[in-house]
Amino acid sequence: SDVGPQKERVMTEEEWLQKWEMGNIGFHKEHGHPLLQKYLDVLLNGRSGLRIFFPLCGKAVEMKWLADMGHSVVGVDVSEQALKDFFSEHSLPYCEEPVPEISGGKMFQSTSGNISLYCCSIYDLSSSLVGKFDGVWDRGALVAVNPCDRQRYASLMINLMEKNSSYLLVTVSYDPYKHKGPPFYVPESEIKSLFG
Ligand code: SAH
């Protein structure tokens, strides 16, 4: 659980935007994540018509999966390109509107209304703006957050959750001396202390 070498590491918003611009998006899974398929029942727990949140969503195809199952999906990413690519790659018509509460914030919504993607920093969101969620798919999100921001991120996520919500979290385990991240190494003990 020695995370020493990554503790001070910071990825700026600009660096993330550059990754998208350069097509340097090895994290994107074109065919979706097998772990969501595997643990879908845990996320849904027999419930239908849920509100599902995708923090740091990129253009995750799992958003389309869940919307097609009848759930309502909300995502957030700093990259406008990622969000626009999501809609165009799935041939989904959408509209764009400003979010007055967030300076420079925009929201892209599928015409059918069941997918709303916010273009802003996740730290700009609050439950008064986006409501609370019944489920969270956190893949490439906690592990992409700068190590110094983890506490803030976790508190926000807890605040965005309904009482009986399910939170699926994917992390990666590796020697943090051999790779600088992201994805960052988040030890299990830290996950426990962040989320309880
Ligand atoms: N969850 C997605 C993307 C993972 S990569 C997937 O599974 O494919 C991390 C994403 O977080 C990038 O798309 C990056 O643009 C976005 N990002 C980084 N910092 C952010 C922040 N503070 N607020 C919102 N999005 C952020």
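Just follow the structure's listing: the first ligand is 1, and inside any ligand the first atom is 1.
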*Are Glu162 and Lys132 close enough for a salt bridge, meaning some N to O gap below 4.0 Å?*
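Looking at Glu162 and Lys132, the cut-off is not met.
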*Does the ring center of Phe195 lie less than 6.0 Å from the ring center of Tyr167?*
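Between Phe195 and Tyr167, the centre distance is under 6.0 Å.
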*Is it true that a side-chain atom of Asp68 and a backbone atom of Trp65 form a donor plus acceptor pair closer than 3.5 Å?*
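No: the side chain of Asp68 does not pair with the backbone of Trp65.
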_At less than 4.0 angstrom from any atom of ligand 1, which residues have a non-hydrogen atom? List them by chain and residue number._
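Contacting ligand 1 under 4.0 Å are Trp16, Trp20, Phe27, Leu56, Cys57, Gly58, Asp77, Val78, Cys120, Ser121, Ile122, Tyr123, Arg139, Gly140, Ala144.
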*With respect to Cys120, which candidate in Asp77, Val78, Leu125 satisfies the side chain to side chain contact (heavy atoms under 4.5 Å, CB included) definition?*
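Answer to the side chain to side chain contact (heavy atoms under 4.5 Å, CB included) test with Cys120 among Asp77, Val78, Leu125: Leu125.
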_By the definition ring pair (Phe, Tyr, Trp, His ring centres under 6.0 Å), identify the one residue from Tyr94, Phe87, Phe86 that meets it with His90._
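Filter result, single survivor: Phe86.
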*Residue pair Pro182 / Met11: nearest heavy atoms and the distance that separates them*: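 Minimum heavy-atom separation between Pro182 and Met11: CD-CG, 3.7 Å.
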